[in-house]
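Report on the following structure.
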Amino acid sequence: MHGFVRNSVSNANLCDGLVQYRVLFVKLFMQAQDSADWNSDDDLDLQIDNYQSSPPSSPPAAVPSSDELFATLVDMGFSPENIARAIDEHGPNADTVVIIDAISKYTVNCEASSSKSKTIDHFLAMGFEEEKVIKAIHEHGEDNIEEIANALISSAAEESPKIKEEEDIEWSESDDEKYANFLSSDDEKVSDSSSENGNQLRSLMNMGFSELEASLAIERCGTGEDVSIADLADFICAAQIAREFDEFHADPEEQKPNVKKRRIEPRREPRSSAADDEPLRLPNPMIGFGVPNEPGLITQRSLPAMARMPPFFYYENVALAPKGVWDTISSHLYDVPPEFVDSKYICAAARKRGYVHNLPISGRYQVQPPPKYTISEAFPLTKKWWPEWDKRTKLNCILTVNASAQLTNRIRLALEPYGGEPPESKKKYVIEQCKKWNLVWVGKNKAAPLEPDEMETLLGFPRNHTRGGGMSRTERLKSLGNSFQVDTVAYHLSVLKPLFPYGINVLSLFTGIGGGEVALHRLQIPMKTVVSVEISAVNRNILKDFWEQTNQKGTLIEFADVQDLSNEKIVELMKQFGGFDLVIGGSPCNNLAGGNRVSRSGLEGDQSCLFYEYCRILDVVRETTKTMRRS
DNA sequence: ACCAAGATGACGATCTCG
DNA sequence: CGAGATCGTCATCTTGGT
C-alpha cells in the first residue's frame, strides 16, 4: 500500500511524447524489416518462407497491406477506432506515417484534461519527488504549470545536478565516453539556459523526456523558430533507438577499453564506498522502468559492457527473496540491476517479481487486449455479492496452494447470522481470510478460492491452457502458482518484435507451463525454435499441447532436467539451429519464497540453487554465440 | 485390503512500508 | 514498532477406484 493513489490515465503531455515516440518507432519498425539480425542465418530465406504463411504474425518486408498495418498499429497500442478513422480519412493507400500522425492527433486531443492528480503525475513522470511536487503545486496553484516547473527545476538544480531518471541506474565502468560527455556538457546547458532554450527544454520535459535528453537534443538541433518541438522529440527518440541498436550490434570487445577502470559515479550523491556493500532496494512503486498507464516511464538505461552482447537473456524470480539474494543473482548475471515489477500495476492480481535482463527498454508496448485491471472488471459476476466493507480492488499473489472448501463454509457460517452488517470482529476475520487466501465473492456470504481457469485469465494465459495433458486440478494450481504473469513478461519482451520480424530461436529454461512462449505468441513474434527444459512431465505436455493447438510452425524440443543438459549438448543445439536469440527462464523460488517455513534457505537451497545452472547455460550460449559470429 | 490421488490444516520468519 | 504480504512444505486424513 502506498499513500498516493495514482490516476490510471496518463496526462496529455506525456501521452503526446509517447505518441511521438510511437510514430518514430513504427517508422523504424518498417525500416528494420531488411536489417540483419545478430546471427547471419544461412538458411534465412528458408525460414522466411516458413513464416510468411502464418497469419498476421510476421510483418512483411515491403509495404504492409492495410490489414497488416492495422494489426501492427493495434499492437502498438493505438485504439482500433482511431486506426479505422485515420484509414478512413486518408484512404487505404495512404502513407503509413500519415496514418500514424493522424492517429496521434486524435489520441492527444482526446486525452487532454486536467485534474490535481494529473498535474502531480505529470511532474512525477518527469522524475521530481512527490513531496516537492505537491509543495510546488500548493505554492503556485495547480494551473500554473510553468511556474511549478521552474520552481522544481531550480530546486532540483540547487541540491543535486543529477537527473532523477538516472538515479537508480548504475553508471558502471562500462559506460561509453559519450555518456560521460553527455553528462558534463549537460549541466552547463541546463544552468545557463536562455529563455527560448528554457522554454523548449521545459516543453520536451513536459513530454516525458529527461532533462539530459532534452538539453542534448537542443544542443544538437539548435534552437529557434525553425526547429519545432516535434523535431527535437524525434531527435531524442531516434537517438534512443539508435543507441539500443548500437549496443547490441556492436562487438563489445572492440569498443570496450582494455583497462578496467574502477567504477566511476559522476555527480552522484556520496554513496557508501563500494556499491557491492549496498544491498539492492525494492522500488516503490514497484514498476521497474515503467508500466503502461502509470507515470514514471524510463526509456533508457546503461547496461554493463559484459551484458551488452548476444543473446538477450531474461531471468525472473520472486522480488521478496531473503536479503542479499538479488545482489548475488545480479552479480552472477553480469551486474545487471534487476527490474522489480509488481504485476498489480498491469493486471488485477499482485505479483512482485524481479527481472534481470539485457533487453532494450524503449519502445515497449502492451499486448492486446490488455488485462482487466481490477477484481470487478476481471470477475464481473462477483460484483453482485461483493460486500461493501471488503475494500479490495486487487487480488494478492497467486500461490501454489488454494484455500479449502471448508474455509468457504466457515466464512458462510460466520456471516449468516447477520442480515446486512456483520459486527467488526467478524468482518475483520473474514477480510483477513479473504486476503490470506485470495478469496472472491461468488454468492451470498460465499467467499471462494479462484478456480484454475480464473487464474489462467489473471495470469494472461488462454483459457484452459493448463487443462488436459494429464494434469489434475491440484497440479494445475501448483503450476499456475509457479508461472509468469504473461502480460508483464510480454510487455518487457515486446521490444523484440521489431528486432526479429522473421522469428527467434529461444532457449527456455524452467519453462513450467510456458509463460515465456505464450508471451511471445501473444506478441506474434514467430518462434523458429524453442528448446525447452522443464522437469515436470505434465508441464511439458501442456507446452506441447499449446504448441500444437496454436499451429506453431517452428520446432519445439523438450528436455526434462537442466542438470542433464550438458555444455556439449547446448553447443550442438546451437550449431543445429543457428544459435539462440533469447535465453529466458525463472529458476525455482522454493527456497526463496516467504511462504516457505521449512526450507527458506536462499540461493543455496535444494531447488533454488538451480539458478546457477541458468548461469552456466547462459555462459555457454554467450561463448558459443561469440565463436559462431567470428567464424 | 490396498493403493493413488486429492483435500485439509498446522506450521513462522523475513521482509517492506507507514 | 506494528501491519501486511509472501511462485511453500509436510503429515495426516479422506475419497475413489480396483
Side-chain angles (χ1 to χ4, degrees), chain A residues 1-5 130-131 279-286 315-327 329 340-344 347 349-355 391-392 394-411 428-429 431-439 448-450 452 455-456 458-461 466 470-486 488-489 510-516 534-536 538-539 585-603 605-608 610-611:
Chain A
M1 287 262 273
H2 50 284
F4 189 75
V5 180
E130 187 174 323
E131 194 186 324
L280 286 165
R281 293 192 56 87
L282 299 174
N284 184 21
M286 197 185 279
Y315 173 82
E316 178 259 12
N317 216 319
V318 290
L320 277 57
K323 262 186 179 165
V325 164
W326 276 106
D327 298 273
I329 291 174
F340 292 106
V341 182
D342 186 342
S343 294
K344 79 174 178 184
C347 68
R351 207 165 185 79
K352 298 177 183 62
R353 295 294 180 269
Y355 306 89
K391 304 293 185 194
R392 290 176 299 155
K394 298 277 183 182
L395 290 166
N396 280 335
C397 187
I398 291 172
L399 306 177
T400 55
V401 279
N402 235 9
S404 67
Q406 299 307 312
L407 179 60
T408 302
N409 227 9
R410 285 196 293 272
I411 288 175
K428 193 183 169 202
Y429 162 74
I431 292 290
E432 196 183 301
Q433 295 300 312
C434 284
K435 288 182 176 176
K436 183 175 175 185
W437 292 104
N438 244 352
L439 309 179
L450 295 171
M455 295 185 186
E456 287 169 346
L458 277 173
L459 291 169
F461 288 91
T466 56
M471 239 191 188
S472 69
R473 184 191 148 85
T474 318
E475 284 169 319
R476 285 180 80 182
L477 294 171
K478 184 169 180 182
S479 291
L480 284 162
N482 279 320
S483 176
F484 287 163
Q485 207 288 323
V486 172
T488 310
V489 173
F510 315 105
T511 305
I513 54 174
E534 167 57 41
I535 194 81
S536 154
V538 278
N539 282 348
S587 64
C589 66
N590 307 29
N591 311 117
L592 309 178
N596 190 342
R597 310 172 184 199
V598 182
S599 51
R600 198 183 184 189
S601 42
L603 269 184
D606 289 346
Q607 289 82 40
S608 293
L610 290 174
F611 161 70

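By convention in this document, chain letters (A, B, ...) are assigned in the order of the sequence lines, proteins followed by strands, and residues within each chain are numbered from 1. All heavy atoms count here, side chains included; hydrogens, waters and symmetry mates do not. What you see is a predicted model, and the numbers here were worked out from it, not measured in a lab.
- Nucleotides C:dG4 and B:dC11 are separated by 22 Å at their P atoms, to the nearest Å.
- As a whole-Å value, the separation of A:Lys344 NZ from B:dT16 C1' is 12 Å.
- A:Ser587 comes within 4.0 angstrom of a nucleotide base, judged by non-hydrogen atoms across all strands.
- Between A:Asp342 atom CG and C:dG4 atom C1' there is a gap of 14 Å when expressed in whole angstrom units.
- For C:dT6, the OP1/OP2 oxygens have a side-chain nitrogen or oxygen of A:Asn396 closer than 4.0 Å.
- For the pair A:Arg353 CZ and C:dA5 C1', the interatomic distance rounds to 12 Å; values are reported in whole Å.
- Among the nucleotides C:dC7, B:dC17, C:dT9, the one closest to any side-chain atom of A:Arg281 is B:dC17.
- Scored by the side chain to side chain donor-acceptor pair (under 3.5 Å) test, A:Ser601 finds no partners at all (sequence neighbours excluded).
- Contacts of A:Lys435 with the nucleic acid, taken as non-hydrogen atoms under 4.0 Å apart, involve only primed sugar atoms and P, OP1 or OP2.
- Remark: A:Pro588 engages A:Phe510, A:Asn590, A:Gln607, A:Leu610 in a side-chain contact (heavy atoms from CB on, under 4.5 Å) (not counting sequence neighbours).
- Out of C:dT9, C:dT6, C:dC7, the shortest distance to the side chain of A:Ser599 is found at C:dT9.
- Looking only at distances, no side-chain donor or acceptor of A:Lys352 sits under 3.5 Å from a matching main-chain atom of A:Lys344.
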What's touching nucleotides 13-18 of chain C from the protein side, N or O pairs under 3.5 Å?
none

Original post:
What is the per-nucleotide protein-contact pattern of nucleotides 4-12 of chain B, from the 5' end, where B denotes a base atom under 4.0 Å from a protein heavy atom, S denotes such proximity for sugar-phosphate atoms only, and - denotes neither?
Top reply: --SSSS-BB

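- To the nearest angstrom, P of C:dA5 lies 12 Å from CG of A:Leu320.
- Checking B:dT16, C:dC7, B:dG18 against the side-chain heavy atoms of A:Lys323 singles out B:dT16 as nearest.
- Across the protein-nucleic acid pair, A:Gln433 atom CD and C:dG4 atom C1' stand 14 Å apart, rounded to whole Å.
- Looking at residues two or more places apart in sequence or on another chain, you find no side-chain contact (heavy atoms from CB on, under 4.5 Å) involving A:Lys323.
- Rounded to the nearest Å, the gap between the P atom of C:dC7 and that of B:dA10 is 23 Å.
- Rounded to whole angstrom, the span from the CG atom of A:Asn284 across to the P atom of C:dG4 amounts to 17 Å.
- Using modelled atom types, one side-chain atom of A:Asp327 and one backbone atom of A:Leu280 make a donor-acceptor pair closer than 3.5 Å.
- DNA chain C forms stems at B:1-11 with C:8-18, B:13-18 with C:1-6, each a run of 3 or more consecutive Watson-Crick or G-U wobble pairs whose two key distances fall under 3.5 Å.
- Checked against side chain to side chain donor-acceptor pair (under 3.5 Å), A:Asn539 has the following partners two or more places apart in sequence or in another chain: A:Ser479, A:Glu534.
- Annotation: side-chain contact (heavy atoms from CB on, under 4.5 Å) contacts of A:Ile431 (sequence neighbours excluded): A:Trp389, A:Asp390, A:Lys435.
- Judged as a salt bridge (charged side-chain N to carboxylate O under 4.0 Å, His left out), and not counting sequence neighbours, the contacts of A:Arg353 are A:Glu316.
- When the side chain to side chain donor-acceptor pair (under 3.5 Å) test is applied to A:Thr466, the partners found at least two apart in sequence or on another chain are A:Glu456, A:Arg476.
- Annotation: side-chain contact (heavy atoms from CB on, under 4.5 Å) contacts of A:Arg597 (sequence neighbours excluded): none.
- Between A:Asp342 and A:Lys394 the shortest side-chain heavy-atom distance does not fall below 4.5 Å.
- For A:Tyr355, the ring-ring contact (aromatic ring centres under 6.0 Å, His included) criterion is met by A:Tyr314, A:His492, not counting sequence neighbours.
- A:Cys397 comes within 4.0 angstrom of sugar-phosphate atoms only, judged by non-hydrogen atoms across all strands, and of no base.
- Atom CG in A:Asn591 sits roughly 18 Å away from atom P in B:dA13 (whole-Å rounding).
- Residue A:Lys478 contributes atom NZ, which lies 6 Å from atom P of C:dT9 at whole-angstrom precision.
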